[in-house]
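Read the structure below first, then the notes.
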Amino acid sequence: MSAPLTNAPVVRVEGIVTRFGRNVVHEGLDLSIRAGEIVALVGGSGSGKTTLLRHVIGLTRPAAGRVEVFGEALDAGGAPRRLARQRRMGVLFQHGALFSAFSVAQNIAFPLRELGMMSPREIDRLVALKLEMVEMEPAHALLMPAELSGGMVKRVALARALALEPELLLLDEPTAGLDPDRSASFIRLIRALHRELGLTVVLVTHDLDTLAQMATSVAVLAEGRIVSHASLEDTLALDHPFVARFFRGLQARRSHSHGAGAG
């Protein structure tokens, strides 16, 4: 399904209020994400980063505020319209969330089978294509999740997220649990897919290397709202206690490299 001819942001959340009992997580949160961006969402533990992703996906609803995707309110229209919007989003959950009783191929095929719009042969062909897209071998299709390394789990979960040709990709801690080499390889893969498929990407991450190598902009979640949405350079210059703590290591590395370069 092609995107509507509109300048509306791919994602816009306005005035979001989220409460869990007496605990207020979001209080008047606003965020706008344009097509083609890779936005890193950062914040302290319990700041509501994953909760915000869940609101965008439609898994949870805020107590107040408005969520729009592709220029339309998340709950606008009837069931077919809402399903069409959902198909334009792909999600990679933090630990992959693969079905343990399904093979790799069955996991990737799951959203395709749920729609019931393809023949088994067409699904098999698409599964093979998605495996190739995430740089896995055809033989991997027969493996079970328990037989996969951490990096392979992430790639299979990414293949499943891309099964329906989404325009918006949401990633929750995409490199968590990966060693540095696998993490760097996975970052390169996502960046390549972003370019090739014209994706808009929103990722939650606490990993500074992932953020520095992937993000075109950084949205900082603190005090229940987005306190900054800017380039990494502008974010590093922000006078805010969370930013100072979170980015301390990256700022130190950059200062060291600039100092070394000047010597």
Give every donor-acceptor pair under 3.5 Å between a side-chain atom in residues 155-164 and any protein atom, sequence neighbours left out.
residue	atom	partner	partner atom	Å
R155	NH1	V134	O	2.9
R155	NH1	E135	OE1	3.3
R155	NH2	S185	OG	2.6
R160	NH1	A97	O	3.3
R160	NH1	N107	OD1	3.3
R160	NH2	G96	O	3.1
R160	NH2	A97	O	3.0

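In this structure, the side chains of S228 and V243 stay at 4.5 Å or more apart for every pair of heavy atoms. In this structure, I38 and L203 have side chains that are in contact, with non-hydrogen atoms separated by less than 4.5 Å. Using a 4.5 Å heavy-atom cutoff, the side chains of F70 and E167 are in contact. At least one side-chain heavy atom of L211 sits under 4.5 Å from a side-chain heavy atom of F247. Counting only heavy atoms from C-beta outward, the side chains of F246 and L208 approach each other to under 4.5 Å. P62 is listed as a side-chain neighbour of H55, based on a closest heavy-atom distance under 4.5 Å. The shortest distance between side-chain heavy atoms of V220 and V218 falls below 4.5 Å. Proximity of L98 to V153: side-chain heavy atoms (C-beta onward) are separated by under 4.5 Å at one or more points.
Under a hydrophobic-cluster definition in which Ile, Leu, Val, Met, Phe, Trp and Tyr are linked whenever side-chain heavy atoms come within less than 4.5 Å, directly or via other members, M152 and M144 are assigned to different clusters. Clustering ILVMFWY residues whenever any of their side-chain heavy atoms sit less than 4.5 angstrom apart, transitively, puts L92 in the very cluster that holds L126. A continuous path of hydrophobic side-chain contacts links M214 to L197 [ILVMFWY only; heavy atoms under 4.5 Å].
Sorted by first and then second residue, the side-chain hydrogen bond (donor to acceptor under 3.5 Å, both in side chains) pairs with a member in residues 22-33 read T18-H26; sequence neighbours excluded. Among residue pairs with one or both ends in residues 136-150, none qualify as side-chain hydrogen bond (donor to acceptor under 3.5 Å, both in side chains); sequence neighbours excluded. Pairs of residues two or more places apart, or lying in two chains, never qualify as salt bridge (charged side-chain N to carboxylate O under 4.0 Å, His left out) while including a residue from residues 186-202. Judged as a salt bridge (charged side-chain N to carboxylate O under 4.0 Å, His left out), not a single pair has a partner in residues 40-51 (not counting sequence neighbours).
Every salt bridge (charged side-chain N to carboxylate O under 4.0 Å, His left out) that R182 has, sequence neighbours left out, goes to D179. For S119, the side-chain hydrogen bond (donor to acceptor under 3.5 Å, both in side chains) partners at least two apart in sequence or on another chain are E122. Not a single side-chain hydrogen bond (donor to acceptor under 3.5 Å, both in side chains) links T216 to another residue, sequence neighbours left out. Partners of S217 by side-chain hydrogen bond (donor to acceptor under 3.5 Å, both in side chains), not counting sequence neighbours, listed by chain and number: E37, H229. Among residues two or more places apart in sequence or in another chain, the side-chain hydrogen bond (donor to acceptor under 3.5 Å, both in side chains) test is passed with T200 by none. Under the salt bridge (charged side-chain N to carboxylate O under 4.0 Å, His left out) criterion, E68 pairs with R12, R66, not counting sequence neighbours. In this structure, D124 has no salt bridge (charged side-chain N to carboxylate O under 4.0 Å, His left out) partners at least two apart in sequence or on a different chain.
With rounding to the nearest 0.5 angstrom, the CG atom of L232 is 11.5 Å from the CD atom of Q213. Atom CG of L169 is separated from atom CD1 of I190 by 7.0 Å, given to the nearest 0.5 angstrom. If you take CZ on F20 and OG1 on T60, they are separated by 6.5 Å, rounding to the nearest 0.5 Å. The CG atom of L52 sits 6.5 Å away from atom CG of L31, with the distance rounded to the nearest 0.5 Å. The CG atom of L29 lies 11.0 Å from the OG1 atom of T51; values are rounded to the nearest 0.5 Å. Atoms CD and CD1, on E14 and I16 in that order, are 8.5 Å from each other to the nearest 0.5 Å.
Panel note: side chain E173, backbone H206; a donor-acceptor pair is recorded below 3.5 Å.
Under 4.0 Å is where a charged nitrogen must lie from a carboxylate oxygen, and between E114 and R87 no such pair does.
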